[in-house]
Novice: 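Pasting a structure here, questions to come.
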Amino acid sequence: MNYIEEAEPISNNYKYYNNFAIIGHFISAISMIFLIRNKDPVIIPYTESYSEWTNVNNGTCPLGSRSFETSNGNFCIGTVTKPVSCNDDNQCYGINLGWLIISFHLLSFVFQFSAALTDYTGPILGYKYSDMIKSGKNPLRFIEYSFSASIMLIAIALLNGVTDINLITSISVLTSACQLCGLAVEYIQQLRLKWLIHLTGWLQFCWAYGIIGHAFFRSIEASSENSTPGPPSFVYIIVIVLFLLYASFGFVQLFELIYHDNFNPFKKEKAYVILSLTAKLVLGWMIFSNVLILS
């Protein structure tokens, strides 16, 4: 089926939505900078866990540690979690959550604006937006997602208590790898291989979000064990909504694979830019509202 001929009358629709998304991300970034300009920065320190050896001559080791006898005495070996680095003023190395969200919108603005610009300047490094969409590919989209999606998932993780620098790095790499799987699917011709790589991307995404989900539900268990109030009901809704908003981008490619014989490349790009205009803006402002509250 020749999608290009059939869709030519409406083929430019995605460009209008892309322009709105560009404006939306630019306005969001500027508005956020304005809102936090006079507020205290929300810096969440990174932590790291490692084994600590404590010399003990008498008594038993605390719960969660193990004893070890050596010629130099008895030791308790337990895992401790501490900030990565702190100075003499008790300020610890961390990340500014406000600027993290702002960078998310700035990246989306720069990449989508750069893509649209190539339709006026001509190809840049072999990339021209409209030509790429006609071919059913958009590598710049997934390159941008590999950065912006990682940034957003890091922000969600930090707000849910995931501060271990190794877990944060793992979430970032898993998310980037997931987006690059999406990029590979667009260039592979064999359908079975497309499915394999696409499902691998879902595995990486779900594992990264699973780390965050575990931290969230563990905090609920801790509240129950300590007889303290847990998160209010709306927090549960927010966690679920964040997951669905994130997953919505993957569903576009999932439908593309299911209906691969009748999938219109212009409609696919339109779906992605509408999600950029809606889901990404909602995600950004939901997280940024926490910054305003905490600051």
Side-chain angles (χ1 to χ4, degrees), residues 21 104 107-108 111-112 132-133 135-162 164 166-218 236-265 267-284 286-287:
F104 167 78
L107 272 172
S108 299
F111 273 84
Q112 290 185 248
M132 283 292 178
I133 302 310
S135 67
K137 306 177 181 67
N138 190 355
L140 200 61
R141 178 204 308 123
F142 285 104
I143 293 173
E144 182 247 306
Y145 286 177
S146 69
F147 290 103
S148 61
S150 298
I151 287 173
M152 184 55 67
L153 217 58
I154 287 173
I156 297 172
L158 291 171
L159 285 173
N160 279 278
V162 181
D164 187 289
N166 298 299
L167 288 177
I168 291 295
T169 303
S170 298
I171 289 172
S172 176
V173 173
L174 283 169
T175 306
S176 293
C178 170
Q179 305 308 320
L180 295 178
C181 281
L183 172 61
V185 168
E186 290 194 337
Y187 280 85
I188 293 171
Q189 299 299 320
Q190 188 178 353
L191 184 59
R192 288 185 178 180
L193 191 54
K194 280 177 174 283
W195 272 107
L196 176 61
I197 296 177
H198 176 76
L199 294 176
T200 300
W202 275 106
L203 174 63
Q204 293 163 334
F205 164 72
C206 291
W207 195 268
Y209 212 93
I211 296 173
I212 299 171
H214 175 266
F216 174 71
F217 289 108
R218 185 66 188 90
Y236 292 84
I237 297 174
I238 290 174
V239 171
I240 295 172
V241 168
L242 288 175
F243 175 80
L244 292 175
L245 287 173
Y246 238 89
S248 60
F249 290 87
F251 288 138
V252 175
Q253 190 169 85
L254 177 62
F255 293 144
E256 179 186 4
L257 292 177
I258 294 174
Y259 303 104
H260 63 280
D261 289 331
N262 299 289
F263 204 81
N264 190 307
K267 289 183 178 179
K268 178 179 75 170
E269 183 62 16
K270 182 178 177 180
Y272 277 121
V273 295
I274 288 176
L275 284 175
S276 180
L277 179 61
T278 56
K280 288 173 76 172
L281 289 176
V282 171
L283 277 167
M286 283 180 71
I287 302 300

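Along the sequence shown, residues are numbered consecutively beginning with 1.
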Novice: Does Lys268 use its side chain to pair, donor to acceptor, with the backbone of Phe263 at less than 3.5 Å?
Specialist: no
Novice: Which pair of non-hydrogen atoms, one from Gln204 and one from Cys181, has the smallest distance, and what is that distance?
Specialist: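 What the structure gives for the nearest pair is OE1-SG, 3.5 Å.
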Novice: Side chain of Ser172, backbone of Ile168: donor and acceptor closer than 3.5 Å?
Specialist: no
Novice: Just verifying a value: how many Å separate Ile154 CD1 and Ile287 CD1, rounded to the nearest 0.5 Å?
Specialist: 12.5 Å
Novice: Are Tyr272 and Leu277 close enough that some pair of their side-chain heavy atoms sits under 4.5 Å apart?
Specialist: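 When only atoms from C-beta onward are counted, Leu277 and Tyr272 do not touch, as no gap falls below 4.5 Å.
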Novice: Within a strict 4.5 Å, meaning less than it, do heavy atoms of the Val162 and Phe216 side chains meet?
Specialist: no
Novice: Checking Ser108 against Ser148: is there a side-chain donor and acceptor pair closer than 3.5 Å?
Specialist: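 Per modelled atom types, Ser148 and Ser108 side chains form no pair under 3.5 Å.
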Novice: Supply the atom-to-atom distance Leu283 CG to Ser276 OG, rounded to the nearest 0.5 angstrom.
Specialist: 10.5 Å
Novice: Would you confirm whether Glu186, through its side chain, and Pro139, through its main-chain N or O, come within 3.5 Å as a donor-acceptor pair?
Specialist: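 No: the side chain of Glu186 does not pair with the backbone of Pro139.
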Novice: Got Phe243 and Ile212 here, is their nearest side-chain heavy-atom distance under 4.5 Å?
Specialist: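 They are not in side-chain contact.
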Novice: Measuring from Ile171:CD1 to Asp164:CG, what's the distance to the nearest 0.5 Å?
Specialist: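 Nearest 0.5 Å value for the CD1-CG distance: 9.5 Å.
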Novice: Do Gln253 side-chain atoms and Gly182 backbone N/O form a donor-acceptor pair below 3.5 Å?
Specialist: yes
Novice: Distance from Asn160 atom CG to Leu153 atom CG, nearest 0.5 Å?
Specialist: 10.0 Å
Novice: Specify whether Tyr246 and Phe205 have parallel, tilted or perpendicular ring planes, treating 30° as the upper limit for parallel and 60° as the lower limit for perpendicular.
Specialist: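 Tyr246 vs Phe205 ring planes: parallel.
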Novice: State, yes or no, whether a side-chain contact exists between Glu256 and His198 at a heavy-atom distance under 4.5 Å.
Specialist: no
Novice: Any side-chain to backbone donor/acceptor pair from Ser176 onto Val173? Under 3.5 Å, distance only.
Specialist: no
Novice: Would you say the side chain of Leu203 lies within less than 4.5 Å of the side chain of Leu199, judging by non-hydrogen atoms?
Specialist: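 The answer is no; the side chains never approach within 4.5 Å.
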Novice: Tell me whether Lys194 contacts the main-chain N or O of Val185 through its side chain, where contact means a donor paired with an acceptor under 3.5 Å.
Specialist: yes
Novice: Could you give the distance from OG1 (Thr175) to CD1 (Ile151), rounded to the nearest 0.5 Å?
Specialist: 11.0 Å
Novice: How about Tyr145 and Leu183: do any of their side-chain heavy atoms sit closer than 4.5 Å?
Specialist: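 Tyr145 vs Leu183: side chains apart.
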Novice: Would you check if Lys280 and Phe104 make a side-chain contact, meaning some heavy-atom pair closer than 4.5 Å?
Specialist: yes
Novice: Kindly indicate whether the side chain of Phe255, heavy atoms from C-beta on, has any atom under 4.5 Å from the side chain of Lys267.
Specialist: no
Novice: Out of curiosity, Leu191 CG to Leu196 CG, how far, rounded to the nearest 0.5 Å?
Specialist: 11.5 Å
